[in-house]
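Step one of this worksheet: look at the structure below.
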Amino acid sequence: MTAAELAAQVLLWTGVAAQLVCCVGVWWMRDVFDRLHYTAASTAVGPALIGTSVVVTGGAGAVSGTVEVVTACAVIMLLSPVVTHAVGRAARRMLHNDIGPGPEEVADS
């Protein structure tokens with residue numbers, strides 16, 4: 001086993017362990033806002049480690065596989081904060097109903 005293969009294995013299993021911890025955290029937490037912390041981590045930590053593992057091994061043997069993995073990880077990491085914020089804002093509005101329209105929306109109506 002080469003050093004690259006060993007590094008890829010370590011990255012892969014660390015990513016899988018991170019995903020498992022996030023799944024247990026989502027299952028264990030009772031509040032929607034606490035669960036959001038684990039779901040946000042599950043879309044950042046695990047995919048980054050697993051994607052790095054694929055890049056280290058060279059993907060499917062061709063450059064296109066590596067490019068696809070890097071692109072998928074980049075999209076996930078760019079959109080994850082937006083989705084997490086939207087879910088948190090919707091949950092806050094549903095539970096507390098204290099998020100109102102902004103000042104520009106009030107002036108328009």
Side-chain angles (χ1 to χ4, degrees):
M1 180 177 281
T2 65
E5 291 172 347
L6 180 63
Q9 288 292 320
V10 169
L11 287 167
L12 177 66
W13 287 108
T14 305
V16 170
Q19 291 298 100
L20 182 61
V21 167
C22 291
C23 288
V24 169
V26 169
W27 174 73
W28 189 267
M29 293 294 135
R30 295 184 182 179
D31 187 28
V32 65
F33 303 109
D34 293 334
R35 289 179 180 168
L36 275 176
H37 289 287
Y38 288 97
T39 56
S42 72
T43 59
V45 178
L49 292 170
I50 294 169
T52 306
S53 171
V54 172
V55 169
V56 168
T57 59
V63 176
S64 65
T66 304
V67 171
E68 289 173 359
V69 168
V70 170
T71 304
C73 286
V75 168
I76 288 172
M77 294 186 114
L78 287 174
L79 294 180
S80 171
V82 175
V83 172
T84 301
H85 178 77
V87 170
R89 187 171 170 89
R92 174 82 183 195
R93 182 172 283 167
M94 286 179 62
L95 293 175
H96 303 289
N97 201 20
D98 63 348
I99 299 177
E104 64 277 349
E105 294 176 15
V106 172
D108 291 337
S109 54

* Structure fact -> CG (D34) and OG1 (T39) are apart, to the nearest 0.5 Å, by 11.0 Å

* List the atom of A8, the atom of V56, and the distance in Å for their closest heavy-atom pair. => CB-CG1, 4.1 Å

* Give the cluster check for V45 versus L11: same hydrophobic cluster or not, with ILVMFWY residues linked at side-chain heavy-atom distances below 4.5 Å. => yes

* Asked: What heavy-atom pair brings C73 and P47 nearest, and what distance separates the two atoms?
  -> SG-O, 3.3 Å

* To do: Could you go through the side chain to side chain contact (heavy atoms under 4.5 Å, CB included) check for V87 and T84 one step at a time?
  => CA-CA 5 Å; V87 170; T84 301; 6.0 Å; no

* Asked: When rounded to the nearest 0.5 angstrom, what is the spacing between CG in L12 and CD in E5?
  -> 13.0 Å

* To do: Write down the atom of L78, the atom of P81, and the distance for their closest heavy-atom approach.
  => O-CD, 3.6 Å

* Structure fact -> M29 and R35 have their tightest heavy-atom pair at O-NE, 2.8 Å

* To do: Taking all heavy atoms of V21 and all of Y38, pick out the closest pair and write down the distance.
  => O-CD2, 4.2 Å

* Asked: Do V83 and L36 sit in the same hydrophobic cluster, where Ile, Leu, Val, Met, Phe, Trp and Tyr count as joined when their side-chain heavy atoms come under 4.5 Å apart?
  -> yes

* To do: Please report the closest heavy-atom contact between M77 and A48, naming both atoms and the distance.
  => CE-CB, 3.7 Å

* To do: Using atom types as modelled and distance alone, determine if a side-chain donor or acceptor of S53 lies under 3.5 Å from a backbone N or O of L49.
  => no

